[in-house]
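For reference, the structure is listed below as structure tokens.
Model, not experiment: these values are computed from the prediction. Chain A is the first sequence line, chain B the second, and so forth, proteins listed ahead of strands; every chain is numbered from 1.
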Amino acid sequence: MNQIRNVKGTRDLLEDSSALWNVVEQHVRATFNLYGFGEIRTPILEDTSLFVRGVGESSDIVGKEMYTFPDRKGRSLCLRPESTAAVARAYVQHRLQDQPQPVRLYYIGPQFRYERPQKGRYRQFQQIGAEVIGDAGPESDAELLVMLLRFLEGMDFEGLVVRLNTVGDIESRNRFGAALRDYLEPHRASLSEDSQRRLDTNPLRILDTKAPAERALLEGAPELSEFLTSDCREHFAGVRRLLDRFGVRYEIEPDLVRGLDYYTRTVFEIAATGLGAQDSILGGGRYDGLIEQLGGAETPGIGFAIGQDRLIDVLPQSFKDRHQRQRPVVVVPIGLEQGADIALDIAEQLRTAGIHSVAELSGKSMKAGMRLASKLEAIGVVLIGEDELAAGTVTYKNFASREQSSVDRKDLAQIITTSINRSTD
RNA sequence: GUGGGCGUAGCUCAAUAGGUAGAGCUCCUGAUUGUGGUUCAGGUGGUUGGGGGUUCAAGUCCCCUCGCUCACCCCA
């Protein structure tokens, strides 16, 4: 019989890693709240047309990577491939324009894309994202990046550089797209199949090609920066001025264009080393036309998404060390009739005092209990046998010092607490 | 979707020119009846990813298939 296993491109996070995920998520909530962001939780299942309209038909995500299927009544649904479009949908649907603007939201949740898995790329992956909707100024762009860096630095990341670019507004993009098409059209035959298709659907995307021949050809191509409207130039200059003011390190990358069609003006990403080919840990940008595209009023917005799986892959060791899991006290009964009951009583008493504790319930030998305690890396064990039971005491053994003493049951929690505090000083 | 590498115990790996599967770690038990983590002894655990073929004989050779992994592509 063949074993049932997890679906390709998904994974189980066992205790060791899920603890780390939780720590990161706590750090997200703490930091983002500090900047006035509230959490939004949107469904994993959405109407397929949300992404067709929001992310764009010419994008690879919508074109070939979505988990799309008809439900029992034939409606086309999909597992969300990203969350910005869903947040924008919620903004329109719940009339969040009637809230004080801009609205600041963050989310943490799984996303799904049907791709060939590899290092740092999964079919179910987790994104941490934040969106600022309803403010068009460069201040929002800068503030978002400042928050992002505070978040990363809070986890001991060092030397990260933001890769920054502007792709202009719709008008700039259309003018540039036309010029790029005119330039490349004579060379159409020498372009890759993908690039030929993009020449018709979205010429901008050809800019980030890696094919050497195409890169060479692009050397002489018109540049996006020459087609920016004065508003777009001003906006980008504003973003840069503010980033300088806040000491954010960035590099301008003129060829940075992102794969989602909704991006306008500011786009950015941060890469990390140690991730192989999938080295981008986060990406984002402005999407001033998205809300309108989804049926709302003309409303600007900007956001980013962090790949949590990748982030955790490169999490600095010092941060992990600071968040090791709590070590328990193990309560071991010795040859008692109702040993498990009594062990549970004591463990429960310790928990009331806030001490992480585990009762040994197997009823095996005391040795087995002691072994369990060291497997669990316990800070100590509470032993209780006939003598202790009769005297109303227990024996507490501190594993670090190897000292043990007989203490009254009512004093146990207090004694353990002070011994913990002493060792962490 | 395309290409490379790899599938032997829970994990990391052995197995001479095809000869009937083994080690370390983990886990469990024990080393005079109430003391772990070290040490020692013993034990659990595999239809060698699956199917077919060649052969007296296949983990080993051939074919198919599945899975894992890395890269392209794309992106987080």
Report all side-chain donor-acceptor pairs from residues 330-345 of chain A shorter than 3.5 Å, counting only partners two or more places apart or in another chain.
none

Glu403(A) bridged to Lys397(A) by N-O distance under 4.0 Å:
no
Can you work out whether Gly9(A) or Ser365(A) has the more 5'-proximal nearest nucleotide on RNA chain B?
Ser365(A)
With pairs defined as Watson-Crick or G-U wobble and both distances under 3.5 angstrom, please note down RNA chain B as a dot-bracket string, | for pairing with another strand.
(((((((..((((.....[..)))).(((((.......))))).....(((((..]....))))))))))))....
Indicate whether OP1 or OP2 belonging to A71(B) is found under 4.0 Å from a side-chain N or O atom of Gln118(A).
yes
Can you check the distance between G49(B) and C68(B), where both ends of the measurement are the C1' atom (answer in whole Å)?
10 Å
Counting distance alone, no hydrogens or angles: does the base of C70(B) have a donor or acceptor under 3.5 Å from a partner atom on the side chain of Arg116(A)?
no
Classify the side chain of Arg113(A) versus the base of C75(B) as yes if they form a donor-acceptor pair under 3.5 Å and no if they do not.
no
Distance check, rounded to the nearest 0.5 Å: Ser59(A) atom OG versus Glu65(A) atom CD?
8.0 Å
For a quick test of reading the model: is some side-chain N or O of Lys119(A) closer than 4.0 Å to OP1 or OP2 of U69(B)?
no
Give the B/S/- string for nucleotides 32-45 of chain B, one per nucleotide from 5' to 3', where a protein heavy atom under 4.0 Å of the base yields B, of only the sugar-phosphate yields S, and otherwise -.
--BBBB--------
When you compare the side chain of Phe157(A) with that of Leu315(A), does any pair of heavy atoms fall below 4.5 Å?
yes
Please tell me which of Gly307(A) and Gln278(A) maps to the more 5' nucleotide of RNA chain B, matching each residue to the nucleotide holding its nearest heavy atom.
Gln278(A)
Provide the distance between the two P atoms, one in A71(B) and one in G30(B), to the nearest whole Å.
48 Å
May I have the list of side-chain donor-acceptor pairs in residues 373-386 of chain A shorter than 3.5 Å, sequence neighbours left out?
residue   : atom : partner   : partner atom : Å
Ser374(A) : OG   : Met370(A) : O            : 3.4
Ser374(A) : OG   : Arg371(A) : O            : 3.1

For the base of C74(B), is there a side-chain donor-acceptor partner from Arg205(A) under 3.5 Å away?
no
Salt bridge (charged side-chain N to carboxylate O under 4.0 Å, His left out): pairs with one or both residues in residues 153-162 of chain A, sequence neighbours excluded
Asp156(A)-Arg322(A)
Would you call Arg198(A)-Asp60(A) a salt bridge at under 4.0 Å N-O?
yes
Just to be sure I understand the rule, does Arg198(A) reach a base, reach only the sugar-phosphate, or reach nothing, if contact means heavy atoms closer than 4.0 Å?
sugar-phosphate
May I ask you to say what Gly276(A) touches in the nucleic acid, namely base, sugar-phosphate or nothing, with a heavy-atom cut-off under 4.0 Å?
sugar-phosphate
Pairs meeting criterion ring pair (Phe, Tyr, Trp, His ring centres under 6.0 Å) with involvement of residues 112-143 of chain A, two or more places apart
Tyr67(A)-Tyr114(A)
If we check side chain to side chain contact (heavy atoms under 4.5 Å, CB included) with Val394(A), which of these qualifies: Leu389(A), Leu412(A), Asp408(A)?
Leu412(A)
